[in-house]
Amino acid sequence: MAVSKRLRYEILRRDRYTCRYCGASAPDAPMRVDHVTPVALGGTDHPSNLVAACEPCNSGKTSTIEGFVDAVQDDSVPPSIEVLIEETERLWVDAYTSVYPSREITLTQLNDVRNGARDMYGLGMSADLIRRSATVAGFKGDTFICLTEISDPDWLAITSESFRVWRSLWFSSTGHASWPDMEDILLFECSVEQAINAGLDRVTILRAVTLTGHARGVYIEDYLDPAVRERCGL
């Protein structure tokens, strides 16, 4: 069975769009998701058996790397969801109050942060990634912590702008009746991040984001020109 688009995003994010075999990273090298132990040899689609791999390594790989699966699995799943959620909330509050000391924090905001941490945990994101995401979200005054993995200012700007456009169009397309849920948000942000890593410019991304929002979709590559999608490996 082929790896789903959703799982592909999760693996690429976990491995930070860096080939686990040679160290090449996007956008310099097209990224693929590779089975460490091939399916033909009994390998599964479990995240512990999947890694980011550049196209040359993925095409030329002939054997597994001893001990590699265990290393990936150990790094991908936080040990305790209860402790992690408490820590995530504290980090977010500390960051938020340092920038917005006069704003009152609401229970709704805290619940959004907790739910975001829970969703990221459930998708196999590392504890370190969840902590960093919470801190950056707090500094930005945002409660959707799954949108804040990227630390580069240009990437943050494109990701934030894309999210605002997409969320607003999604809301209006429902007759102002409902907002996207946390899972939709996470998948959308994964899609935008993948497009950025593939080297797409801001205008191209926002054009696709607009169409995605109108259609209440989450994968912006579905609204890219086929030639662009093929060239970027999306």
Side-chain angles (χ1 to χ4, degrees), residues 2-19 24-33 52-55 58 112 116 119-120 123 125 129 132-133 136-137 139-234:
V3 175
S4 69
K5 185 180 292 185
R6 171 178 173 176
L7 182 55
R8 177 174 178 268
Y9 283 141
E10 294 166 11
I11 299 304
L12 291 174
R13 281 169 61 91
R14 184 198 67 194
D15 292 349
R16 301 180 184 179
Y17 298 91
T18 300
C19 177
S25 60
D28 297 328
M31 287 291 121
R32 303 289 184 261
V33 170
C54 67
E55 194 168 63
N58 183 56
D112 284 344
D119 288 341
M120 293 180 76
L123 291 171
M125 304 299 179
L129 172 58
R132 288 188 291 111
S133 297
V136 176
F139 285 136
K140 291 172 58 184
D142 196 349
T143 58
F144 296 102
I145 68 170
C146 53
L147 294 174
T148 54
E149 171 190 347
I150 306 172
S151 58
D152 180 86
D154 292 334
W155 284 21
L156 280 173
I158 295 175
T159 305
S160 298
E161 184 177 11
S162 296
F163 173 66
R164 287 194 298 271
V165 171
W166 172 78
R167 188 169 182 256
S168 175
L169 291 172
W170 175 300
F171 183 55
S172 63
S173 71
T174 67
H176 301 89
S178 65
W179 297 98
D181 60 27
M182 289 299 297
E183 182 173 343
D184 289 330
I185 291 168
L186 179 57
L187 293 175
F188 170 76
E189 195 275 339
C190 287
S191 180
V192 172
E193 184 177 337
Q194 174 73 351
I196 295 172
N197 274 313
L200 296 185
D201 62 88
R202 172 180 170 274
V203 173
T204 300
I205 291 173
L206 288 177
R207 186 181 296 118
V209 163
T210 299
L211 295 173
T212 306
H214 277 304
R216 296 203 299 278
V218 295
Y219 301 116
I220 72 170
E221 64 267 29
D222 291 344
Y223 300 90
L224 291 170
D225 183 272
V228 173
R229 195 164 60 239
E230 176 65 24
R231 174 172 57 83
C232 297
L234 296 172

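What you see below is based on every heavy atom in this structure, not just the backbone, and it leaves out hydrogens, waters and symmetry mates. Since the model is a prediction, treat every value here as computed from it, not as a measurement.
- Using a distance-only test at 3.5 Å, with no hydrogens or angles considered, no donor-acceptor pair links the side chain of S168 to the main chain of R164.
- L200 and L224 get closest at one heavy-atom pair: CD1-CD1, 3.7 Å.
- If you take CZ on R202 and CD1 on I196, they are separated by 11.5 Å, rounding to the nearest 0.5 Å.
- Judged by distance alone, the side chain of S173 and the main-chain N or O of R216 form no donor-acceptor pair under 3.5 Å.
- Looking only at side-chain heavy atoms (C-beta outward), T210 and L169 come within less than 4.5 Å of each other.
- When all heavy atoms of C54 and C19 are compared, the pair lying nearest together is N-SG, 3.3 Å.
- In this structure, CD on E193 lies 11.0 Å from CD1 on I220, to the nearest 0.5 angstrom.
- Here the side chain of W166 pairs no donor or acceptor atom with the backbone of I185 at under 3.5 angstrom.
- L206 and S162 get closest at one heavy-atom pair: CD2-OG, 3.6 Å.
- When every heavy atom of R8 is checked against every heavy atom of M31, the shortest pair comes out as NH2-O, 3.7 Å.
- Across all non-hydrogen atoms, the minimal contact from F188 to F163 is CE2-CA, 3.8 Å.
- When all heavy atoms are compared, the tightest approach of S178 to W170 is O-CD1, 3.7 Å.
- Checking side-chain atoms of T174 against main-chain N and O of F171 turns up a donor-acceptor pair under 3.5 Å.
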